[in-house]
There are 4 protein chains.
Amino acid sequence: MGKEDIGTDRKRERYESIIKAAGELFTRKGFHDTKMEEIAELAGIGKGTVYEYFRSKKDLFFDVIKYCTSNFLDDFKSAAAKGKDYRERLDNALSVLIRYFQESSNFFKLLIKDHREIDEKLYEWLVNVKIITAKIVQDILEEGMKAGELKPVMPVIPALMLLESCRLVLFRELFKEDEYDPESIKVMVIDIVLNGIRVNGSRT
Amino acid sequence: MGKEDIGTDRKRERYESIIKAAGELFTRKGFHDTKMEEIAELAGIGKGTVYEYFRSKKDLFFDVIKYCTSNFLDDFKSAAAKGKDYRERLDNALSVLIRYFQESSNFFKLLIKDHREIDEKLYEWLVNVKIITAKIVQDILEEGMKAGELKPVMPVIPALMLLESCRLVLFRELFKEDEYDPESIKVMVIDIVLNGIRVNGSRT
Amino acid sequence: MGKEDIGTDRKRERYESIIKAAGELFTRKGFHDTKMEEIAELAGIGKGTVYEYFRSKKDLFFDVIKYCTSNFLDDFKSAAAKGKDYRERLDNALSVLIRYFQESSNFFKLLIKDHREIDEKLYEWLVNVKIITAKIVQDILEEGMKAGELKPVMPVIPALMLLESCRLVLFRELFKEDEYDPESIKVMVIDIVLNGIRVNGSRT
Amino acid sequence: MGKEDIGTDRKRERYESIIKAAGELFTRKGFHDTKMEEIAELAGIGKGTVYEYFRSKKDLFFDVIKYCTSNFLDDFKSAAAKGKDYRERLDNALSVLIRYFQESSNFFKLLIKDHREIDEKLYEWLVNVKIITAKIVQDILEEGMKAGELKPVMPVIPALMLLESCRLVLFRELFKEDEYDPESIKVMVIDIVLNGIRVNGSRT
DNA sequence: GATGAATGAGCGTTCATTCAT
DNA sequence: GATGAATGAACGCTCATTCAT
């Protein structure tokens, strides 16, 4: 292992520390209210150094989004692959989504914004993330359809309904304190949607 | 009609023209990327004039939100009051929501952002709009529950699911061209949710 | 008495009410922090009307200074003319100066500023006021010199010393509470200066 | 000498160059008519750089005042400490004051303004400078009183009279050309005041 | 004549980006 | 490579002045 590798390792380390600092701040305060200097400070480096790793603030923002959504997609895919049947796989996948909502709720609010204002490429990336996520859920639902448990409706609709409904966990203010429990919200959402497209006579 | 009315009318006119110009631009480019000068220009007035009507950019933004959401709430309430049964009232209400999404899709994306960054008061206002909207849908669902057609579940969950699911009409990119039709999306969403909480044996 | 006279009277009235409002505000907040709108409001007229009487803010400021200093000069001259001897006349004159300092202390601080920044003409006016005032005091002192009570020194020096020393009444902060009494300050100042130039052997 | 010292030195240098440029301009044109951009230009730096050293225009103004008055107080104290007797010490102190009046006459006019309009803290600072200056002169006069040469009057009055009378050197316009000589004005002022409070029979 | 709505030049301040060290 | 001092374009907001009514 020579100097270059050390350099490469340090680069990787620095890169990640900037991404994480930036993610934290963009998430908390939004794009415009986060200053490059703050990001550098939180990452423990000099202001100029950020520009050694990212060409501009927009670029950094883009990379933060890519980094975070990539992690999400990996976790989501893994969860959607585990489980003895489609119901369990669906449950696992949505658990991941809800966990991300909970842990990085602001980050996901960040994602929701219309980032065409920031960058057309970024917008396309985010649409793509949504398409992939939806496709995973659609595939799960199609399993249920093939198994004859679910009606063979256009799966894109219930898939998106499930994904959008997970956003309910973000609206604490809309629940009475004792009703609010992300886990049971998830179960109810899944129940309602699956029940809504269940073949009559088939059981929960 | 005397001078005062003329003055009041002109003021009202100007006020609305600024609100509209600002709504248009905030919607298209977001809060931070919209310049006061642009708003003035689009409204066909001088930069200083905007400040005769609004104390600051934040105030203007807040008023735009209030103006638009108030209009929405009025329309939404009216629609939710018309119809021969709860199913029709629900259909009417969601039609309004979807129409707003379609006509002002960007504006509604605007609403979604975490505006705590901009103003705490604004955030509270938006939470309140959400609460009122949800309550209207809950009331409709409770009619169905009283009628014995829907299971007596916590109505807040299906109510929010319906509202969040209307956002599907915003994601054209996720539909194949021929599948995308806001009206049928709405019908499917309502069907799925109502079906999902229907008392077994009761028919659509 | 025709319409014109009425108009002229109203004009005069308005003129004075603006001057007074402006004097009040310039005095309290300085030139730059006083807004034309505030002046109009305090004068009980419309903003545009001020411009019927004064071409600009600077012009108004100039006129305020002229108005106030003219009043001062009139009072000062009258006082300096009354009294059985030069000592009493000096006392009377300085009483007027001190009264103005007390009543319009801020206004006089206003005068002290270097108004070359505002207007060269204004500066010349103020120098002239100072010259006239000093000349009046010099004349009084020269009486005492002619009477053989005061040494025939250049009267401009003690005259200005007397005038400048009256400013002491503005510095309340520099006196212990019980020492501060404008009347006795005045007496002490006069005593010290007159004593300082008294012909030896002559009595107070 | 390491990097830090170089940095510190350069910072110190820049700091002083800004203070000097600002002092020059504030002095010549007043607070409100001096633009930050002009200050930067005169200091030979960019506009933004000024804000690396001073948080705001007010802060800069305050620091200019502090910087200049601190220098003055140092010089004034030193001068007031040198001299074989109180008369000489008084003479030395007032020479410093007059020199400052002459060299920075506009700056001292600046000081006179009622800066409560700009900042309450600044006003307090200036009152304090006045108090310190007056105290130094009072102490000198009290020497003369203890020595039995001066009457034991309240020393604050003659002390302030001396200080205020030094302002005479600012009013060139009030003197005929051949009468104007700061040095002899100073001597006459001191003579008159000291004579005015001299114990009868004691000699000049 | 009186008004006050409209104006826009002007300024203080911010912050992404650069570049000399 | 790393730094942070320096920069200046950009923008929100003010207010003296104008002018249509």
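The basis for the numbers below is simple: all heavy atoms, side chains too, and nothing from hydrogens, waters or symmetry mates. So that the names make sense, note that chain A is the first sequence line, chain B the second, and so on, each numbered from 1.
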Nearest whole angstrom, please: distance from the [atom2] of [N] to the [atom1] of [X].
{"X": "Lys57(A)", "N": "dT18(E)", "atom1": "NZ", "atom2": "P", "answer": "15 Å"}
{"X": "Leu25(D)", "N": "dC11(E)", "atom1": "CG", "atom2": "P", "answer": "13 Å"}
{"X": "His32(D)", "N": "dC15(F)", "atom1": "NE2", "atom2": "C1'", "answer": "13 Å"}
{"X": "Glu52(C)", "N": "dT3(E)", "atom1": "CD", "atom2": "P", "answer": "9 Å"}
{"X": "Phe61(C)", "N": "dC15(F)", "atom1": "CZ", "atom2": "P", "answer": "17 Å"}
{"X": "Tyr51(B)", "N": "dG12(F)", "atom1": "OH", "atom2": "P", "answer": "6 Å"}
{"X": "Asp33(D)", "N": "dG10(E)", "atom1": "CG", "atom2": "P", "answer": "13 Å"}
{"X": "Phe31(C)", "N": "dC15(F)", "atom1": "CZ", "atom2": "C1'", "answer": "12 Å"}

task = Mind listing the residues from residues 13-22 of chain B sitting with a heavy atom below 4.0 Å of DNA chain F? Number order is fine.
result =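 Within residues 13-22 of chain B, no residue comes under 4.0 Å of DNA chain F.
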
key: Strand contacts (DNA chain F) in residues 34-47 of chain A, 4.0 angstrom heavy-atom criterion   =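 Those residues are Ile45(A), Gly46(A), Lys47(A).
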
inquiry  = Can you tell me if Tyr53(A) touches the phosphate of dA2(F), counting only side-chain N or O atoms and a distance under 4.0 Å to OP1 or OP2?
reply    =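 For dA2(F), OP1 or OP2 has a side-chain N or O of Tyr53(A) closer than 4.0 Å.
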
task = Map every base of DNA chain F to its dot-bracket character, where paired means a Watson-Crick or G-U wobble contact with both distances under 3.5 Å and | marks a partner outside the strand.
result = .||||||||||||||||||||

key: Shortest side-chain distance from Thr49(C), nucleotide among dA2(E), dA5(E), dT17(F)   =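 Among the listed nucleotides, the one closest to the side chain of Thr49(C) is dA2(E).
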
message = Between Tyr123(A) and Asn128(A), is the side chain to side chain contact (heavy atoms under 4.5 Å, CB included) condition met? List the steps.
response = CA-CA 9 Å; Tyr123(A) 179 74; Asn128(A) 206 38; over 6 Å; no

query = What residues form a side-chain contact (heavy atoms from CB on, under 4.5 Å) with Ser70(A), not counting sequence neighbours?
reply =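 Checked Ser70(A) against side-chain contact (heavy atoms from CB on, under 4.5 Å); matches are Trp125(A).
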
request  = Please figure out whether Gly48(C) or Gly48(D) has its closest DNA chain E nucleotide nearer the 5' end.
outcome  =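 It is Gly48(C), whose closest nucleotide lies nearer the 5' terminus.
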
query = For Val50(C) and Ser56(D), take the nucleotide of DNA chain E holding the closest heavy atom to each; which residue's nucleotide lies nearer the 5' end?
reply =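 Whichever sits nearer the 5' end wins; that is Val50(C).
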
key: Audit row: Asp33(A), His32(B), side chain to side chain contact (heavy atoms under 4.5 Å, CB included) steps and yes/no   = CA-CA 9 Å; Asp33(A) 290 335; His32(B) 287 286; 3.7 Å; yes

Contacts under 3.5 angstrom, residues 34-51 of chain B side chains, donor-acceptor by atom type, not counting sequence neighbours:
unit_1   : atom_1 : unit_2   : atom_2 : d
Thr34(B) : OG1    : Leu25(B) : O      : 3.2
Thr34(B) : OG1    : Gly30(B) : O      : 2.7
Glu38(B) : OE1    : Lys29(B) : NZ     : 3.2
Glu38(B) : OE1    : Lys35(B) : N      : 2.8
Glu38(B) : OE2    : Lys29(B) : NZ     : 2.7
Thr49(B) : OG1    : Gly46(B) : O      : 3.4

ask   = Quick one: side-chain hydrogen bond (donor to acceptor under 3.5 Å, both in side chains) partners of Tyr15(B), sequence neighbours excluded?
value =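 Applying side-chain hydrogen bond (donor to acceptor under 3.5 Å, both in side chains) to Tyr15(B) gives none.
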
message = According to salt bridge (Lys or Arg N to Asp or Glu O under 4.0 Å), who are the partners of Lys121(D), at least two apart in sequence or on a separate chain?
response =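 Lys121(D) satisfies salt bridge (Lys or Arg N to Asp or Glu O under 4.0 Å) with no residue once adjacent residues are dropped.
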
task = Could you pull out all residues at least two apart from Lys66(A) that satisfy salt bridge (Lys or Arg N to Asp or Glu O under 4.0 Å)?
result =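 Partners of Lys66(A) under the salt bridge (Lys or Arg N to Asp or Glu O under 4.0 Å) test: none.
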
Got a second to check how far [X]'s [atom1] is from [Y]'s [atom2], nearest 0.5 Å?
{"X": "Lys130(C)", "Y": "Thr69(C)", "atom1": "NZ", "atom2": "OG1", "value": "12.5 Å"}
{"X": "Lys57(B)", "Y": "Phe31(B)", "atom1": "NZ", "atom2": "CZ", "value": "4.5 Å"}
{"X": "Tyr67(D)", "Y": "Asn71(D)", "atom1": "OH", "atom2": "CG", "value": "5.5 Å"}

query = Between Phe26(C) and Leu60(C), does a side chain to side chain contact (heavy atoms under 4.5 Å, CB included) hold up when you go through it step by step?
reply = CA-CA 10 Å; Phe26(C) 283 144; Leu60(C) 170 54; 4.3 Å; yes

NZ/NE/NH1/NH2 to OD/OE distance under 4.0 Å, Glu24(C) and Lys20(C) =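 Between Lys20(C) and Glu24(C) there is no salt bridge, as every charged N stays at least 4.0 Å from the carboxylate O atoms.
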
